[in-house]
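All remarks here apply to the structure that follows.
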Amino acid sequence: QQVDRWMRATDPANQHLITEDSFDRLGEDRWRVINGTWEIVDRQLRQTATSPVLSSIASRVPLNGDFELSLRLTIHGGERWKSAGFAFDVTDQQRMGVYLSAYAEGAKVQVYYRADGKDHYPAEGGTPRTVSLDRPTLLTVRVRGSQVHVLVDGAHALSCRVPIERKSGLWELFTYDAQASIDDVRLTMLPAEIDLPAPGAKPTSVSLDEAIALR
């Protein structure tokens, strides 16, 4: 733990840090439960209820501008959809988000958005992906303007543009019909020197050694 704190403190990327949480507790100064049964289990934020409704917990830290968010996500089960992820620019009528789904008939990673109270799942914002239950996945989301770049376990998964204008709002962690665990949440400003792949760029993979190092 001391080494980890030292490495974080000396990491140049921390100059861009907005917030991070390793979930040693569920701090009310950081989070507000919107819906669902959220609790801390073994230093992980865990959603234990399974129902076909959106269960979410919102950060009290506002999110504006370009950013990068990373988190470790483990889906344990669910009735059907088994989906969990992250949403941003959340208002009464609008939100954008990224999620993993372990749906048996089509597991995937998906970018979606809500406009005028209706959710949209653009084809260019989704790609098939093996999502194994009880196996942690490192999910990284980079957003610059309307472009969303998603990495899974450190490898490029998809890049797309969301066809609505971004608005300042809160950000949430959520599940849909899923029991899931989330930890190591880290939110930073997106450095200008990071290049995002062009929308529609094909997914890539990393070697086993690279994946182990990332985890």
Side-chain angles (χ1 to χ4, degrees), residues 1-51 53-65 67-78 82-90 95 97-102 109 131-143 150-154 169-191 210-215:
Q1 289 176 338
Q2 290 176 326
V3 170
D4 181 65
R5 284 196 294 269
W6 178 83
M7 293 183 69
R8 289 176 183 269
T10 57
D11 184 350
N14 280 343
Q15 63 182 310
H16 302 292
L17 181 66
I18 297 173
T19 187
E20 62 181 348
D21 203 330
S22 56
F23 295 114
D24 55 335
R25 65 185 181 91
L26 185 57
E28 293 186 358
D29 58 328
R30 290 190 172 193
W31 301 100
R32 179 169 65 93
V33 174
I34 305 301
N35 190 27
T37 305
W38 298 88
E39 58 186 357
I40 302 298
V41 179
D42 297 330
R43 294 181 64 88
Q44 294 179 325
L45 176 65
R46 184 166 294 185
Q47 165 59 240
T48 58
T50 301
S51 59
V53 296
L54 188 72
S55 299
S56 63
I57 182 169
S59 172
R60 296 186 184 275
V61 178
L63 179 57
N64 298 293
F67 67 87
E68 174 179 305
L69 178 131
S70 65
L71 56 85
R72 188 162 53 204
L73 172 62
T74 307
I75 298 175
H76 301 292
K82 306 182 187 71
S83 300
F86 153 75
F88 58 98
D89 292 4
V90 177
R95 63 192 287 134
V98 179
Y99 65 88
L100 293 175
S101 173
V109 55
V131 181
S132 302
L133 296 181
D134 298 317
R135 179 176 178 178
T137 298
L138 177 63
L139 180 66
T140 304
V141 181
R142 294 171 175 167
V143 175
V150 183
L151 299 94
V152 177
D153 288 333
L170 296 177
W171 59 280
E172 298 180 349
L173 306 174
F174 70 85
T175 66
Y176 185 82
D177 184 28
Q179 297 172 338
S181 298
I182 299 171
D183 62 348
D184 287 346
V185 172
R186 181 178 174 84
L187 179 65
T188 64
M189 295 180 289
L190 183 66
E210 290 175 315
I212 291 173
L214 284 165
R215 289 186 184 281

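Because the structure is a prediction, the values reported are computed rather than measured.
With sequence neighbours excluded, the residues that form a salt bridge (charged side-chain N to carboxylate O under 4.0 Å, His left out) with Asp21 are Arg30. With sequence neighbours left out, Val90 forms a side chain to side chain contact (heavy atoms under 4.5 Å, CB included) with Ala87, Arg95, Glu172. With sequence neighbours left out, Ile40 forms a side chain to side chain contact (heavy atoms under 4.5 Å, CB included) with Phe23, Leu26, Leu45. Remark: Glu68 engages Thr140, Arg142, Thr188, Leu190, Ile194 in a side chain to side chain contact (heavy atoms under 4.5 Å, CB included) (not counting sequence neighbours). Applying the salt bridge (charged side-chain N to carboxylate O under 4.0 Å, His left out) criterion to Asp29, with sequence neighbours excluded, gives Arg25. Arg46 meets the salt bridge (charged side-chain N to carboxylate O under 4.0 Å, His left out) test with no other residue; sequence neighbours excluded.
Surrounding CZ of Arg60 are more than 12 heavy atoms belonging to other residues, nucleotides or ligands, all under 6.0 Å away. Annotation: Asp42, atom CG; neighbour count of heavy atoms from other residues, nucleotides and ligands within 6.0 Å does not exceed 12.
In this structure, Thr48 and Glu39 have side chains that are in contact, with non-hydrogen atoms separated by less than 4.5 Å. Using a 4.5 Å cut-off on side-chain heavy atoms (C-beta onward), Trp38 and Thr175 make contact. Annotation: side chain of Phe174 is not in contact with side chain of Ser55 (no heavy-atom distance under 4.5 Å). Side-chain contact between Val143 and Val141 is present, with heavy atoms from C-beta onward closer than 4.5 Å. In this structure, Leu133 and Lys82 have side chains that are in contact, with non-hydrogen atoms separated by less than 4.5 Å. Using a 4.5 Å heavy-atom cutoff, the side chains of Ile75 and Gln179 are not in contact.
A side-chain N or O of Ser101 and one of Ser83 form a donor-acceptor pair less than 3.5 Å apart.
Ring centroids of Phe86 and Phe88 are separated by less than 6.0 Å, placing the two rings close together.
Pairing each heavy atom of Leu73 with each of Ala84, the nearest pair is CD2-O, 3.4 Å.
From Ser56, atom OG reaches atom CD of Gln47 across 9.5 Å, with rounding to the nearest 0.5 Å. Expressed to the nearest 0.5 Å, how far CG of Leu71 lies from OG of Ser181 amounts to 12.0 Å. Distance CD1/Ile57 to CH2/Trp171: 9.5 Å, rounded to 0.5 Å. The distance from the OG atom of Ser59 to the CG atom of Leu170 is 7.5 Å, given to the nearest 0.5 Å. Between the CG atom of Leu54 and the CG atom of Asp177 there is a distance of 11.5 Å, given to the nearest 0.5 Å. Note that the CG atom of Leu69 and the CG atom of Leu139 stand 7.5 Å from one another [nearest 0.5 Å].
Between Arg72 and the options Thr137, Val185, Asp184, a side chain to side chain contact (heavy atoms under 4.5 Å, CB included) holds for only Asp184.
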